[in-house]
Number of protein chains: 2
Amino acid sequence: MATPGAAGAPDETWTIAQIADEFGVTHRAVRHYEDLGLISPRREGTRRIYRRRDRTRLALILRGRRLGFPLEEIRTIIDLYDLPRGKRSQLEYVLTQIDERRADLEQRRADLEAAIAELEAWEVSCRRDLEALG
Amino acid sequence: MATPGAAGAPDETWTIAQIADEFGVTHRAVRHYEDLGLISPRREGTRRIYRRRDRTRLALILRGRRLGFPLEEIRTIIDLYDLPRGKRSQLEYVLTQIDERRADLEQRRADLEAAIAELEAWEVSCRRDLEALG
DNA sequence: AGTCTGCTTTACGTTAACGTAAACGTCAAG
DNA sequence: CTTGACGTTTACGTTAACGTAAAGCAGACT
């Protein structure tokens, strides 16, 4: 679509404007993520070339951001994905990291559920008051 | 406990150090929330006096913060709690606000579930690799 | 009286996550 | 060949959410 070759080819590439547009962020933001080492697109001369792997990472970054994680923390998380997991010690390290992350996420989930439940109870009470008014 | 009167009395009060300590934040943070209008403790002379209502608000603030909401947004939310909900128009306004908030929270929940599911799948794959190593 | 502890205001400093110009390269179209 | 459209680096600006002095009051202890 963006480059020659069959649609959906595994070596499809995009420019910075294309992915920024597609993900709804600015080029500045994308370059910022690169400065912090969250993505590292290839270069064609001086131009940045984004591939599927970069898109995947960007999606992870944005989700992490929506969840309120600081970019530095997001970096350590997605870096874990690329860690060589051949040796036992590395696997065990990844597992402990996963546990930490999950504990964090579970805490967030608890907060979320509480907030949602509160909102719903509130809504019910509002609707009841409304009906009482005719 | 902190002031004369029976424990659990509805007019119990606390100093800034006490609530800051109890909620695990700094006095500076608490005063910052006040600067932004998120809490407004009574004064005894020049000293701030915190009551149950302030504690409730602080709890809401901190949960909002854990959820990654900006303080300004948190302010508009908890201000809604104190809105007079006598008239129909006010009730309807609150209901629309509740809907907006809930849509936001549902989005976050989706992100959260996705992240957790991903982590779990990853963990399974790691454990499988570990077993393969003996 | 002196000193400590706890609280106060005022105000500048800091970090994160970009925004926003400035100044320049480059390739295809007019 | 000049004009755009798009890309690049460098660097200062901005907002949020506090941190961190600095300097002073007020009641309790010694």
Side-chain angles (χ1 to χ4, degrees), chain A residues 1-4 13-51 54-55 57-79 104 111, chain B residues 1-4 13-51 54-55 57-79 104 111:
Chain A
M1 254 175 177
T3 46
T13 66
W14 295 267
T15 76
I16 193 171
Q18 286 170 333
I19 58 160
D21 238 61
E22 186 174 344
F23 284 88
V25 297
T26 67
H27 359 349
R28 181 62 179 90
V30 175
R31 287 212 321 282
H32 183 55
Y33 301 148
E34 182 177 347
D35 287 346
L36 297 187
L38 285 96
I39 28 180
S40 26
R42 304 286 149 71
R43 299 295 181 113
E44 197 170 84
T46 173
R47 307 288 171 81
R48 290 169 174 82
I49 299 296
Y50 297 86
R51 309 183 56 166
D54 301 308
R55 295 168 53 89
R57 287 194 148 231
L58 187 49
L60 287 174
I61 293 168
L62 296 184
R63 192 176 66 194
R65 220 191 41 173
R66 284 195 303 271
L67 289 175
F69 285 102
L71 292 178
E72 276 297 335
E73 195 164 348
I74 294 177
R75 184 168 62 86
T76 75
I77 298 175
I78 60 184
D79 276 358
D104 196 338
D111 282 326
Chain B
M1 252 178 178
T3 46
T13 66
W14 295 266
T15 77
I16 192 171
Q18 286 170 333
I19 59 158
D21 238 60
E22 187 174 341
F23 284 88
V25 297
T26 67
H27 13 336
R28 181 64 180 88
V30 175
R31 287 197 301 92
H32 182 56
Y33 301 149
E34 183 178 347
D35 288 345
L36 297 187
L38 285 94
I39 26 181
S40 26
R42 303 287 148 71
R43 297 297 180 110
E44 196 171 85
T46 172
R47 305 291 170 78
R48 290 170 174 82
I49 299 297
Y50 297 87
R51 309 181 58 166
D54 301 308
R55 294 168 52 88
R57 286 192 150 233
L58 186 50
L60 287 175
I61 293 168
L62 296 184
R63 193 176 64 193
R65 221 191 41 172
R66 284 195 301 271
L67 290 174
F69 286 101
L71 293 178
E72 277 297 334
E73 195 164 349
I74 295 177
R75 184 166 63 87
T76 75
I77 299 175
I78 60 186
D79 276 357
D104 195 340
D111 282 327

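Small disclaimer: the values here were computed from a predicted structure and weren't measured. Note: hydrogens, waters and symmetry copies are ignored here, and every other heavy atom, side chains too, is used. Letters A, B, ... are given to chains in the order of the sequence lines, protein chains preceding strands, and every chain is numbered from 1.
For the salt bridge (Lys or Arg N to Asp or Glu O under 4.0 Å) condition, the pairs that include at least one residue of residues 58-71 of chain B, sequence neighbours left out, are Asp111(A)-Arg66(B), Glu118(A)-Arg63(B).
Residue His27(A) contributes atom NE2, which lies 11 Å from atom C1' of dA5(D) at whole-angstrom precision. Whole-Å rounding puts the Ile19(B) CD1 to dG6(C) P distance at 16 Å. Taking atom OH on Tyr50(A) and atom C1' on dC6(D), their separation rounds to 13 Å, with Å as the unit. dT26(C) atom P lies 14 Å from atom CZ of Arg43(A), rounded to whole Å. Distance CG (Asp35(B)) to P (dT8(C)): 12 Å, rounded to an integer number of Å. The separation between Ile49(A) atom CD1 and dT8(D) atom C1' is 13 Å, rounded to whole Å. Separating the CZ atom of Arg48(B) from the C1' atom of dT8(C) is a distance of 7 Å, rounded to the nearest angstrom.
Checked against dC7(C), dT9(D), dG7(D), the side chain of Ala17(B) finds its nearest nucleotide in dC7(C).
Arg31(B) meets the side-chain contact (heavy atoms from CB on, under 4.5 Å) test with Ile16(B), Arg28(B), Arg48(B); sequence neighbours excluded. Here Asp21(B) pairs with nothing under the side-chain contact (heavy atoms from CB on, under 4.5 Å) rule; sequence neighbours left out. Annotation: salt bridge (Lys or Arg N to Asp or Glu O under 4.0 Å) contacts of Arg55(A) (sequence neighbours excluded): Glu22(A).
In terms of phosphate contacts, Thr46(B) brings no side-chain nitrogen or oxygen within less than 4.0 Å of OP1 or OP2 of dT9(C).
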Per-nt protein contacts along nucleotides 13-25 of chain C (heavy atom under 4.0 Å; B base, S backbone sugar-phosphate only, - none) come out as ----BBBB----B

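Rounded to the nearest 0.5 Å, atoms CZ (Arg57(A)) and CG (Leu60(A)) are 8.5 Å apart.
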Hey, can you pull the donor-acceptor pairs under 3.5 Å for the side chains in residues 40-47 of chain A, sequence neighbours left out?
residue  : atom : partner  : partner atom : Å
Arg43(A) : NH1  : Thr46(A) : O            : 3.0
Arg43(A) : NH2  : Glu34(A) : OE2          : 3.2

